[in-house]
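Within every chain, numbering begins at 1; the chains are lettered A, B, ... in the order of the sequence lines, protein sequences first and strands thereafter.
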Amino acid sequence: MGEESIIGKSVPRVDALDKVTGAARYTADLCPPGALVARILHSSIANGRVKRIDTAAAAAMPGVELVVTCFDVPDIAFPTAGHPWSVESAHQDVADRRLLNSRVRYFGDEIAAVVAVDEVTAERACRAIEVEYEEYPPCLTVEQAMAADAMPLHPEICPSNVLKEHSYSSGDLAAAQAEPGLLHLHRVYRTQPVQHCHIEPAVSFAYGEGGKIVVVSATQIPHIMRRVVGQALGLPWGQVRIIKPYLGGGFGNRQDVLYEPLNAYLSQRLNGRCVLLEASREEVFACTRQRHAITFSYHAWARPDGTLVARDITAWSQQGGYASHGHAIVANATTFLRDIYQDEQALATKAYTVYTNTGAGGAMRGYGIPQGCFAADCMMDDLAQALGLDPILIREKNMMRPGFVDPGTGIACQSYGLADCIRRGRELSDWDRLRRAYAQQSGPLRRGIGMAIFTYKTGVYPISLETASCRMVLNQDGTLQLHLGATEIGQGGDTVFLQMASAATGIPFADIHIVSTQDTDIAPFDTGAYASRQTYVTGKAIKKTGGLLREKLFAYAARLLGCDAAQLQLCGRQIVSAAGEPLISLADLAQNAFYGLDYSEHITAEATSHCADNTFAFGCCFAEIEVDLPLGRIRPLKVINVHDSGVLINPQLAEAQVHGGQSMGLGYALSEEMLYDEKGRLRNGNLLDYKLPTALDTPPLCVDFVQTVDPSGPFGNKALGEPPAIPVAPAIRNALLHATGVAVDELPLEPKRLVRLFQERGLI
Amino acid sequence: MLQIIHLTVNGRAQELAVDIRASLADVLRRQLGLTSVKKGCEVGECGACTVLIDGRAVDSCLYLAVWADGREILTVEGLRAGDGSLHPVQRAFIEKAAVQCGFCTPGIIMSAVEIVGAGRRYTREELRRELSGHLCRCTGYENILDAVQQAVEQTLQQASS
């Protein structure tokens, strides 16, 4: 392999030039002038039913082309989660949404839509629609929704509001607890709903062409979206074409199908005229997806030496009004709890996903693990504090070790850098010195240092078979086109795919061009960007296809040169003999293949790689903070993440990816929370009142890696995309515990909450 | 109602008939095809639509197009030199891996162009303050700060040599 060294090289992003010059086109940039504009009418109640809807005034407004209501749309319930479809009905996603809904399940539910010549007309027409509701009391919390007299939101799907529950146990919990001398702690850890806040709002436009409905959308999952739009509209999936251009951030919100089915329907109703549907920032907040608020009731029993003997954990996940990814999120969180730490004797976990009259929870970077990690690593520090042990020591005693196999999923620890990550973080953070230095403080300003660890799977196997396809097409000049169904969503996918393609084929990096846009009519199948899967799963497809392409190049060269294909090698831009003697350049070979008088072959290779494998990535965060007690304000001083994501394909981009996760983790820890009023209306659904970290809120972000070589990864690599966001919040919470002795069990660690706790504890 | 305005955009004189209700962001995007001007919130919270108006960074979503009459507007489309070479800020953003999804990038670059043009050094803390009107969800700002710092230094060095 000629360009093996391209793996691990920090080549600049291939899309950077277009992105700094304005040449990169995103969905809204591509919408043709003259497109009609759609606006959605959202419910002004959280729970109830639309009794009557009067659209006469709206429909009569000049410039209004179409008004549709919840009573006009096809009665087809469809799922929205960006999961691979399952051929087994029991594993299919919950189909509980319609294009527009007369049964209102959250404040902002979609009940009507207007299409007009421009946005002002569409907006005014929306306001002219009169709605009469039958209103029910909203269930805004899990407790309310699980109450015996709570009205079920989806009685046709489940008789109560518990969408799903499951439990897991190993060992004899009662016997384990009975051991004398154990420390028993019971804590309730609560995480809050937060939003992805990709800077490009949700947007799509749809039009009819060639007997198909075409949707251009900012999505992470074009091929999945094709299926969902087909399901929602009752169309054969082949009549749906999704085009995904550059994307302004995803973070899991766009691993869901949002307004694309409605957009397609509106265009269809207008005989395929082009309709643009841009959600406002406020709609993105209130009506797309959010990270599930999960509450953990967490019992742990430990010996005085820190050995974790048993745990009994119950988790309640607040789903919101629609299932989206549903129970998969909290199920992932509870699996994490048994993976990251092992109990010597017994473990029981139980998890509920509960419909509530709030915005729907969906996928968000980390998929349940940031919540699980908060619970797991708060408890580790609470145990350490109660036992007088060092937080690192108690983790090292109980954390996953090499050779671990998850008892439920069968996923094995195939490469292990967790212990080394902790060692490195300990050095970089000056842990030992600072733990001592900050041990005895007084006064209003105090400092602390805390840490947290995590593990994260790579892709979704064995929940579903992982699959990805790749196509390589030789150009007339001997360069290569790379076609993938895997998506660039800002993470740098295109660049590392090209590095992989170069390594797999031996063709120089600069000679391979990626088609960044996915068009489901053209791009090979891949389920898309989620689960930190693409470098792993798609990487395997690239490697396999690269091998095929080489065979074809060598076969053509052998025929042309009259030699044995098995003796040929690719070196730079040359086909060479076993002895390294140049035989023919790729450019000449390509010219012959396309235009030769004697034998023409358009050399392409395409392969599907199915990946019945998975592996654990690891990492940790060390956070140093200063807390101003009277103000209840935490100032992060330094955040250090150390990751084992296997071999890094592009270290500079990997580091940048970690920075972004650290920032998202800081917001989760300190300032971000979606706040609902008593009617279920989101109170802070905008970027002014919802506090995303700015540059000023962010401390220096330090990143390091422990590079293991994962035997299952196509290039020794494993998950990287989501992990950086996971450990930051518990690390900061534990730093606060170190600084003040106050264990805060609820996120975010914002001033109102902290001042109250500091007052209760007599610190202020 | 339409109004005729005269302005210079990326060095070129323009005469435009604009809706008096239209934001500068919409006019730049729709009438001049300058789609680097991104709309992330349309109420001045995110900074993605930042352009330079007479050399000052402004959220163009909050700025009526009619106010731009007689002014000079600069967007990232106008930063490259005639020979294709990049502005030092653009170069630094590529070299420092300060670009990820790229949606906030043009706006931040324009603020950085204003900063670099000031002809003085900035501390890291000052840069954090200067850029705090821009929201980015991908980068944690770390590499963006590095890039702006590099562009400031290079420009100062070039000016002194």
*Is there a side-chain contact between B/Cys46 and B/His134, using heavy atoms and a 4.5 Å cut-off?*
no
Which portion of [X] sits near chain A, non-hydrogen atoms under 4.5 angstrom:
X: B/Thr105; value: side chain
X: B/Ala48; value: side chain
X: B/Glu130; value: neither
X: B/Leu86; value: side chain
X: B/Leu79; value: neither

*Taking all heavy atoms of A/Pro724 and all of A/Leu720, pick out the closest pair and write down the distance.*
CD-O, 3.0 Å
Tell me which of these, [options], has more heavy-atom pairs under 4.5 Å with chain B than the rest.
options: A/Pro12, A/Ser10, A/Gly22; value: A/Gly22
options: A/Glu278, A/Gln491, A/Met664, A/Gln662; value: A/Met664
options: A/Gln657, A/Glu200, A/Glu488; value: A/Glu200
options: A/Arg25, A/Glu655, A/Gln652; value: A/Gln652
options: A/Gly660, A/Gly667, A/Ser663; value: A/Gly660
options: A/Thr21, A/Leu688, A/Leu666; value: A/Thr21

Of the backbone (N, CA, C, O) and the side chain (C-beta and beyond), which part of [X] lies under 4.5 Å from a heavy atom of chain B, both, or neither?
X: A/Pro699; value: backbone
X: A/Ala28; value: both
X: A/Glu283; value: neither
X: A/Ser280; value: neither
X: A/Ile489; value: backbone

Return yes if a side-chain donor-acceptor contact under 3.5 Å exists between [X] and [Y], otherwise no.
X: A/Thr288; Y: A/Gln195; value: yes
X: A/His198; Y: A/Arg254; value: yes
X: A/Asn686; Y: A/Glu282; value: no
X: B/Thr75; Y: B/Asn10; value: yes
X: A/Glu722; Y: A/Ser532; value: yes

*Would A/Arg291 count as a cation-pi partner of A/Tyr668, with NZ or CZ less than 6.0 Å from the six-membered ring centre and within 45° of the ring normal?*
yes
Looking at chain A, which one of [options] has the largest number of heavy-atom pairs inside 4.5 Å, strictly under?
options: B/His87, B/Arg80, B/Arg137, B/Glu45; answer: B/Arg137
options: B/Arg21, B/Glu77, B/Arg29, B/Glu42; answer: B/Arg29
options: B/Ser36, B/Cys136, B/Gly102, B/Gly44; answer: B/Gly102

*Which of these, B/Ile20, B/Val18, B/Leu64, sits in a side-chain contact (heavy atoms from CB on, under 4.5 Å) with B/Ile5?*
B/Val18
*Should B/Arg121 and B/Glu126 be marked as a salt bridge (Lys or Arg N to Asp or Glu O under 4.0 Å) after you check the CA-CA gap, both sets of side-chain angles, and the distance that decides it?*
CA-CA 10 Å; B/Arg121 287 203 159 73; B/Glu126 284 176 320; over 6 Å; no
_Classify the ring geometry of A/Tyr26 against B/Phe103: parallel below 30°, tilted from 30° to 60°, perpendicular beyond 60°._
perpendicular
